[in-house]
Q: 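Following this message is one structure expressed as C-alpha coordinates.
In each ligand, atom 1 is the first atom listed, and ligand 1 is the first ligand listed.
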Amino acid sequence: MNASRDAVDPPPEPAHRYLLDNARAEAGERFTWLAALFDGVTRGHAERLGLRAGWRCWEVGAGGPGVPEALAAAVGPTGHVLATDIDPSWLDRRGGYEVREHDVVRDPPPQPGTFDLVHARLVLVHVPDRARALATMVAALRPGGWLLVEDADTELQPLACLDEVGPAQRRANTLRRAVRELMTRRGADMRFGRTLPRALRAAGLVDVAAAGCFPVGGVACDRLEAATVRMVRADLLAAGLTDDTEIDAHLAAVDAGDLDLTLAPLVSVWGRRPA
Ligand SMILES: C[S@@+](CC[C@H](N)C(=O)[O-])C[C@H]1O[C@@H](n2cnc3c(N)ncnc32)[C@H](O)[C@@H]1O
(Lines give C-alpha, C1' and ligand atoms only; values in the text may rest on other atoms or scores of the structure.)
Protein backbone atom coordinates (compact mmCIF):
# COMPACT_ATOMS: atom_id res chain seq x y z
CA MET A 1 0.00 0.00 0.00
CA ASN A 2 1.28 3.50 -0.85
CA ALA A 3 0.95 5.78 2.21
CA SER A 4 1.51 9.08 0.35
CA ARG A 5 -1.17 8.16 -2.21
CA ASP A 6 -3.57 7.33 0.66
CA ALA A 7 -2.99 10.81 2.05
CA VAL A 8 -4.29 12.58 -1.08
CA ASP A 9 -6.86 10.20 -2.59
CA PRO A 10 -10.34 9.94 -1.10
CA PRO A 11 -11.08 6.46 0.18
CA PRO A 12 -12.76 4.27 -2.47
CA GLU A 13 -16.55 4.01 -2.27
CA PRO A 14 -17.45 0.90 -0.30
CA ALA A 15 -18.79 -1.50 -2.92
CA HIS A 16 -22.55 -1.91 -2.80
CA ARG A 17 -23.21 0.67 -0.07
CA TYR A 18 -26.95 1.38 -0.43
CA LEU A 19 -27.08 4.90 -1.87
CA LEU A 20 -30.60 5.90 -0.75
CA ASP A 21 -30.01 5.29 2.95
CA ASN A 22 -33.22 5.05 5.04
CA ALA A 23 -31.56 7.02 7.86
CA ARG A 24 -32.00 10.19 5.78
CA ALA A 25 -35.13 12.32 6.33
CA GLU A 26 -35.79 12.34 2.56
CA ALA A 27 -36.22 8.55 2.62
CA GLY A 28 -39.66 8.96 4.23
CA GLU A 29 -40.69 11.42 1.50
CA ARG A 30 -39.44 9.02 -1.17
CA PHE A 31 -41.52 6.17 0.32
CA THR A 32 -44.63 8.41 0.31
CA TRP A 33 -44.25 9.23 -3.39
CA LEU A 34 -43.19 5.71 -4.41
CA ALA A 35 -46.38 4.52 -2.73
CA ALA A 36 -48.45 7.12 -4.61
CA LEU A 37 -46.90 6.04 -7.92
CA PHE A 38 -46.70 2.28 -7.57
CA ASP A 39 -48.84 0.86 -4.73
CA GLY A 40 -51.84 0.62 -7.07
CA VAL A 41 -49.73 -1.31 -9.60
CA THR A 42 -48.46 -3.68 -6.90
CA ARG A 43 -51.94 -4.22 -5.44
CA GLY A 44 -53.32 -4.99 -8.91
CA HIS A 45 -50.71 -7.69 -9.53
CA ALA A 46 -51.12 -9.20 -6.04
CA GLU A 47 -54.91 -9.33 -6.45
CA ARG A 48 -54.58 -11.04 -9.85
CA LEU A 49 -52.33 -13.64 -8.20
CA GLY A 50 -55.16 -14.39 -5.76
CA LEU A 51 -54.29 -12.32 -2.66
CA ARG A 52 -57.11 -12.89 -0.19
CA ALA A 53 -58.12 -13.35 3.45
CA GLY A 54 -55.96 -15.85 5.30
CA TRP A 55 -52.84 -15.52 3.09
CA ARG A 56 -49.37 -15.35 4.61
CA CYS A 57 -47.25 -12.62 2.94
CA TRP A 58 -43.62 -11.52 3.24
CA GLU A 59 -42.84 -7.95 2.11
CA VAL A 60 -39.07 -7.78 1.51
CA GLY A 61 -37.22 -4.43 1.70
CA ALA A 62 -40.55 -2.83 2.59
CA GLY A 63 -39.21 0.72 3.07
CA GLY A 64 -42.40 2.55 4.05
CA PRO A 65 -45.74 1.29 5.38
CA GLY A 66 -47.81 1.47 2.14
CA VAL A 67 -47.52 -2.09 0.83
CA PRO A 68 -47.48 -3.91 4.22
CA GLU A 69 -50.62 -2.00 5.26
CA ALA A 70 -52.39 -2.87 2.02
CA LEU A 71 -51.41 -6.55 2.34
CA ALA A 72 -52.53 -6.64 5.99
CA ALA A 73 -55.92 -5.18 5.00
CA ALA A 74 -56.29 -7.83 2.26
CA VAL A 75 -55.33 -10.88 4.34
CA GLY A 76 -57.34 -9.80 7.41
CA PRO A 77 -57.09 -11.22 10.91
CA THR A 78 -56.79 -14.83 9.68
CA GLY A 79 -53.72 -14.00 7.58
CA HIS A 80 -50.25 -12.74 8.44
CA VAL A 81 -47.93 -10.10 6.94
CA LEU A 82 -44.22 -9.94 7.72
CA ALA A 83 -42.48 -6.71 6.61
CA THR A 84 -38.66 -6.74 6.64
CA ASP A 85 -35.89 -4.29 5.78
CA ILE A 86 -32.22 -3.75 6.60
CA ASP A 87 -33.51 -0.54 8.21
CA PRO A 88 -37.18 -0.96 9.20
CA SER A 89 -37.44 2.41 10.98
CA TRP A 90 -40.10 3.82 8.59
CA LEU A 91 -42.43 0.87 9.26
CA ASP A 92 -45.23 1.04 11.83
CA ARG A 93 -44.92 -1.66 14.48
CA ARG A 94 -48.60 -1.12 15.36
CA GLY A 95 -49.76 -1.18 11.72
CA GLY A 96 -51.31 -4.67 11.74
CA TYR A 97 -48.23 -6.42 10.33
CA GLU A 98 -45.06 -7.90 11.87
CA VAL A 99 -41.88 -5.82 11.46
CA ARG A 100 -38.38 -7.30 11.49
CA GLU A 101 -34.90 -6.16 10.61
CA HIS A 102 -33.65 -8.61 7.98
CA ASP A 103 -31.03 -8.57 5.22
CA VAL A 104 -32.37 -10.56 2.28
CA VAL A 105 -28.82 -11.35 1.12
CA ARG A 106 -27.19 -12.31 4.40
CA ASP A 107 -29.99 -13.73 6.55
CA PRO A 108 -31.79 -17.05 6.09
CA PRO A 109 -35.44 -16.97 4.98
CA PRO A 110 -37.85 -16.37 7.86
CA GLN A 111 -40.34 -19.24 8.20
CA PRO A 112 -39.13 -21.19 5.12
CA GLY A 113 -41.70 -22.92 2.94
CA THR A 114 -44.72 -21.12 4.43
CA PHE A 115 -45.62 -17.96 2.46
CA ASP A 116 -48.44 -17.69 -0.10
CA LEU A 117 -46.91 -14.46 -1.45
CA VAL A 118 -43.40 -13.00 -1.26
CA HIS A 119 -43.00 -9.51 -2.73
CA ALA A 120 -40.05 -7.15 -3.24
CA ARG A 121 -40.26 -3.81 -5.08
CA LEU A 122 -37.21 -1.73 -6.05
CA VAL A 123 -35.01 -3.75 -3.69
CA LEU A 124 -33.05 -6.35 -5.65
CA VAL A 125 -31.63 -3.79 -8.07
CA HIS A 126 -29.66 -2.38 -5.12
CA VAL A 127 -28.42 -5.58 -3.44
CA PRO A 128 -24.98 -7.06 -4.11
CA ASP A 129 -25.90 -10.74 -4.58
CA ARG A 130 -29.24 -10.72 -6.40
CA ALA A 131 -29.27 -14.45 -7.13
CA ARG A 132 -28.85 -15.26 -3.46
CA ALA A 133 -31.59 -12.82 -2.44
CA LEU A 134 -33.90 -14.41 -5.01
CA ALA A 135 -33.09 -17.91 -3.70
CA THR A 136 -33.90 -16.77 -0.15
CA MET A 137 -37.28 -15.43 -1.26
CA VAL A 138 -38.08 -18.60 -3.24
CA ALA A 139 -37.16 -20.75 -0.21
CA ALA A 140 -39.72 -18.84 1.86
CA LEU A 141 -42.60 -19.82 -0.47
CA ARG A 142 -44.94 -22.69 0.26
CA PRO A 143 -45.38 -25.12 -2.64
CA GLY A 144 -47.73 -23.27 -5.03
CA GLY A 145 -46.91 -19.88 -3.44
CA TRP A 146 -46.22 -16.81 -5.63
CA LEU A 147 -43.13 -14.62 -5.86
CA LEU A 148 -43.77 -11.08 -7.18
CA VAL A 149 -40.64 -9.04 -7.90
CA GLU A 150 -40.80 -5.49 -9.25
CA ASP A 151 -37.68 -3.63 -10.29
CA ALA A 152 -36.63 -0.78 -12.51
CA ASP A 153 -34.95 -1.16 -15.87
CA THR A 154 -33.32 2.23 -16.13
CA GLU A 155 -31.52 1.58 -19.41
CA LEU A 156 -34.84 0.77 -21.07
CA GLN A 157 -36.01 4.38 -20.54
CA PRO A 158 -33.17 6.46 -19.05
CA LEU A 159 -34.67 9.96 -19.44
CA ALA A 160 -36.08 12.27 -16.77
CA CYS A 161 -37.85 14.33 -19.49
CA LEU A 162 -39.13 12.54 -22.57
CA ASP A 163 -39.76 15.87 -24.33
CA GLU A 164 -36.32 17.53 -24.23
CA VAL A 165 -37.69 20.86 -25.39
CA GLY A 166 -35.37 23.34 -23.60
CA PRO A 167 -32.42 23.85 -21.20
CA ALA A 168 -34.39 22.84 -18.08
CA GLN A 169 -35.33 19.51 -19.65
CA ARG A 170 -31.78 18.95 -20.92
CA ARG A 171 -30.44 19.69 -17.42
CA ALA A 172 -32.93 17.24 -15.90
CA ASN A 173 -31.73 14.51 -18.27
CA THR A 174 -28.07 15.27 -17.58
CA LEU A 175 -28.65 15.09 -13.82
CA ARG A 176 -30.60 11.83 -14.18
CA ARG A 177 -27.57 10.43 -16.04
CA ALA A 178 -25.34 11.52 -13.14
CA VAL A 179 -27.58 9.81 -10.57
CA ARG A 180 -27.52 6.67 -12.70
CA GLU A 181 -23.72 6.78 -12.81
CA LEU A 182 -23.62 7.10 -9.01
CA MET A 183 -25.94 4.11 -8.58
CA THR A 184 -23.86 2.02 -11.00
CA ARG A 185 -20.72 2.85 -9.01
CA ARG A 186 -22.54 1.57 -5.90
CA GLY A 187 -23.25 -1.77 -7.58
CA ALA A 188 -26.84 -1.24 -8.83
CA ASP A 189 -27.68 -3.02 -12.11
CA MET A 190 -29.37 -0.53 -14.44
CA ARG A 191 -30.61 -3.32 -16.77
CA PHE A 192 -31.91 -5.58 -14.01
CA GLY A 193 -35.65 -5.37 -14.79
CA ARG A 194 -35.33 -7.14 -18.14
CA THR A 195 -33.47 -10.09 -16.60
CA LEU A 196 -36.19 -10.94 -14.07
CA PRO A 197 -38.34 -13.42 -16.05
CA ARG A 198 -35.23 -15.48 -16.85
CA ALA A 199 -34.02 -15.21 -13.24
CA LEU A 200 -37.35 -16.45 -11.85
CA ARG A 201 -37.35 -19.45 -14.23
CA ALA A 202 -33.72 -20.18 -13.29
CA ALA A 203 -34.78 -20.12 -9.61
CA GLY A 204 -37.19 -22.99 -10.36
CA LEU A 205 -40.47 -21.05 -10.57
CA VAL A 206 -43.24 -21.89 -13.05
CA ASP A 207 -46.03 -19.88 -14.73
CA VAL A 208 -43.63 -16.93 -15.00
CA ALA A 209 -45.02 -13.78 -16.66
CA ALA A 210 -44.29 -10.04 -16.54
CA ALA A 211 -45.57 -6.54 -17.27
CA GLY A 212 -43.98 -3.08 -17.28
CA CYS A 213 -45.21 0.46 -16.64
CA PHE A 214 -43.95 3.98 -16.01
CA PRO A 215 -45.71 7.19 -14.99
CA VAL A 216 -45.28 10.39 -17.02
CA GLY A 217 -45.69 13.77 -15.30
CA GLY A 218 -47.62 14.74 -12.20
CA VAL A 219 -46.93 15.87 -8.67
CA ALA A 220 -45.74 12.48 -7.38
CA CYS A 221 -42.98 12.31 -10.04
CA ASP A 222 -41.93 15.89 -9.17
CA ARG A 223 -41.84 15.29 -5.41
CA LEU A 224 -39.97 11.98 -5.80
CA GLU A 225 -37.38 13.67 -8.02
CA ALA A 226 -36.88 16.56 -5.58
CA ALA A 227 -36.46 14.21 -2.59
CA THR A 228 -34.07 11.94 -4.51
CA VAL A 229 -31.88 14.78 -5.78
CA ARG A 230 -31.71 16.37 -2.32
CA MET A 231 -30.82 12.98 -0.87
CA VAL A 232 -27.93 12.26 -3.23
CA ARG A 233 -26.77 15.88 -3.61
CA ALA A 234 -23.64 15.49 -1.45
CA ASP A 235 -22.73 12.21 -3.18
CA LEU A 236 -23.13 13.78 -6.65
CA LEU A 237 -20.91 16.71 -5.66
CA ALA A 238 -18.29 14.49 -3.99
CA ALA A 239 -18.15 12.34 -7.13
CA GLY A 240 -17.65 15.45 -9.29
CA LEU A 241 -20.70 14.53 -11.38
CA THR A 242 -22.36 17.97 -11.20
CA ASP A 243 -22.23 21.25 -9.26
CA ASP A 244 -24.41 23.26 -6.87
CA THR A 245 -25.61 25.67 -9.59
CA GLU A 246 -26.94 22.85 -11.76
CA ILE A 247 -28.65 21.14 -8.82
CA ASP A 248 -30.28 24.37 -7.60
CA ALA A 249 -31.49 25.27 -11.10
CA HIS A 250 -32.94 21.77 -11.51
CA LEU A 251 -34.72 21.82 -8.12
CA ALA A 252 -36.24 25.23 -8.99
CA ALA A 253 -37.48 23.86 -12.33
CA VAL A 254 -38.95 20.81 -10.57
CA ASP A 255 -40.75 23.13 -8.11
CA ALA A 256 -42.15 25.14 -11.01
CA GLY A 257 -43.91 21.93 -12.02
CA ASP A 258 -43.72 22.00 -15.82
CA LEU A 259 -41.00 19.44 -16.60
CA ASP A 260 -43.37 16.45 -17.01
CA LEU A 261 -40.83 14.26 -15.24
CA THR A 262 -40.88 10.55 -15.75
CA LEU A 263 -39.22 7.43 -14.34
CA ALA A 264 -37.60 4.24 -15.52
CA PRO A 265 -40.12 1.47 -16.25
CA LEU A 266 -41.06 -0.73 -13.32
CA VAL A 267 -40.92 -4.33 -14.54
CA SER A 268 -43.24 -6.57 -12.47
CA VAL A 269 -42.54 -10.29 -12.74
CA TRP A 270 -44.33 -13.16 -11.03
CA GLY A 271 -43.87 -16.91 -10.82
CA ARG A 272 -45.11 -19.81 -8.69
CA ARG A 273 -43.21 -22.43 -6.74
CA PRO A 274 -44.22 -25.81 -8.21
CA ALA A 275 -46.91 -27.45 -6.09
C1 LIG B 1 -35.83 2.03 -3.12
S2 LIG B 1 -36.34 1.46 -1.55
C3 LIG B 1 -37.89 0.68 -1.98
C4 LIG B 1 -38.81 0.58 -0.81
C5 LIG B 1 -40.16 -0.09 -1.08
N6 LIG B 1 -39.98 -1.50 -1.40
C7 LIG B 1 -40.91 0.62 -2.17
O8 LIG B 1 -40.99 0.11 -3.30
O9 LIG B 1 -41.44 1.71 -1.89
C10 LIG B 1 -35.29 0.06 -1.24
C11 LIG B 1 -35.50 -0.55 0.15
O12 LIG B 1 -34.75 -1.78 0.18
C13 LIG B 1 -34.08 -1.86 1.43
N14 LIG B 1 -32.91 -2.73 1.27
C15 LIG B 1 -31.75 -2.45 0.62
N16 LIG B 1 -30.91 -3.52 0.70
C17 LIG B 1 -31.59 -4.49 1.40
C18 LIG B 1 -31.25 -5.81 1.82
N19 LIG B 1 -30.05 -6.34 1.54
N20 LIG B 1 -32.16 -6.53 2.52
C21 LIG B 1 -33.38 -5.98 2.83
N22 LIG B 1 -33.74 -4.73 2.47
C23 LIG B 1 -32.86 -3.99 1.76
C24 LIG B 1 -33.73 -0.41 1.75
O25 LIG B 1 -33.44 -0.23 3.13
C26 LIG B 1 -34.99 0.31 1.28
O27 LIG B 1 -35.96 0.40 2.30
Q: Just to be sure I read this right, does ligand 1 sit under 4.0 Å from the backbone of Val127, its side chain, both, or neither, counting only heavy atoms?
A: side chain
Q: Applying salt bridge (Lys or Arg N to Asp or Glu O under 4.0 Å) as the test, list every pair that has at least one member in residues 32-50; sequence neighbours left out.
A: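 Those involving residues 32-50 are Asp39-Arg121.
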Q: Below 4.0 Å from ligand 1: does a non-hydrogen atom of Ala62 turn up there or not?
A: yes
Q: Have Glu150 and Thr42 got a donor and an acceptor in their side chains that come within less than 3.5 Å?
A: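 Yes, a side-chain donor-acceptor pair sits under 3.5 Å.
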Q: Is Phe31 touching ligand 1 with its side chain, its backbone, both, or neither, if touching means heavy atoms under 4.0 Å apart?
A: side chain
Q: Flag Asp87 as yes when one of its N or O atoms lies below 3.5 Å from any N or O atom of ligand 1, and as no otherwise.
A: no
Q: Taking only residues two or more places apart in sequence, or in another chain, which ones meet Arg223 in a salt bridge (charged side-chain N to carboxylate O under 4.0 Å, His left out)?
A: Asp255
Q: Check the pair Glu225 / Leu259 against side chain to side chain contact (heavy atoms under 4.5 Å, CB included), numbers first and verdict last.
A: CA-CA 11 Å; Glu225 173 76 359; Leu259 286 181; over 6 Å; no
Q: Below 4.0 Å, non-hydrogen atoms only: which portion of Leu34 touches ligand 1? Side chain, backbone, both or neither.
A: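 Side chain only.
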Q: Looking at ligand 1, does any of its N/O atoms fall within less than 3.5 Å of an N/O of Gly64?
A: no
Q: If the contact criterion is a heavy-atom separation under 4.0 Å, does Arg30 count as touching ligand 1?
A: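 Checking ligand 1 against Arg30, which is what was asked, there is a heavy-atom contact under 4.0 Å.
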Q: Which is closest to atom 21 (C) of ligand 1 in terms of heavy atoms, Glu101, Arg132, His102?
A: His102
Q: Centroid separation under 6.0 Å, is that true for the rings of His45 and Trp270?
A: yes
Q: Side chain to side chain contact (heavy atoms under 4.5 Å, CB included) for Glu29 and Met231? Distances and angles first, verdict last.
A: CA-CA 10 Å; Glu29 269 180 74; Met231 195 166 186; over 6 Å; no
Q: For atom 19 (N) of ligand 1, which of the options Asp151, Asp103, Thr42 provides the nearest non-hydrogen atom?
A: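 Among Asp151, Asp103, Thr42, the closest heavy atom to atom 19 (N) of ligand 1 comes from Asp103.
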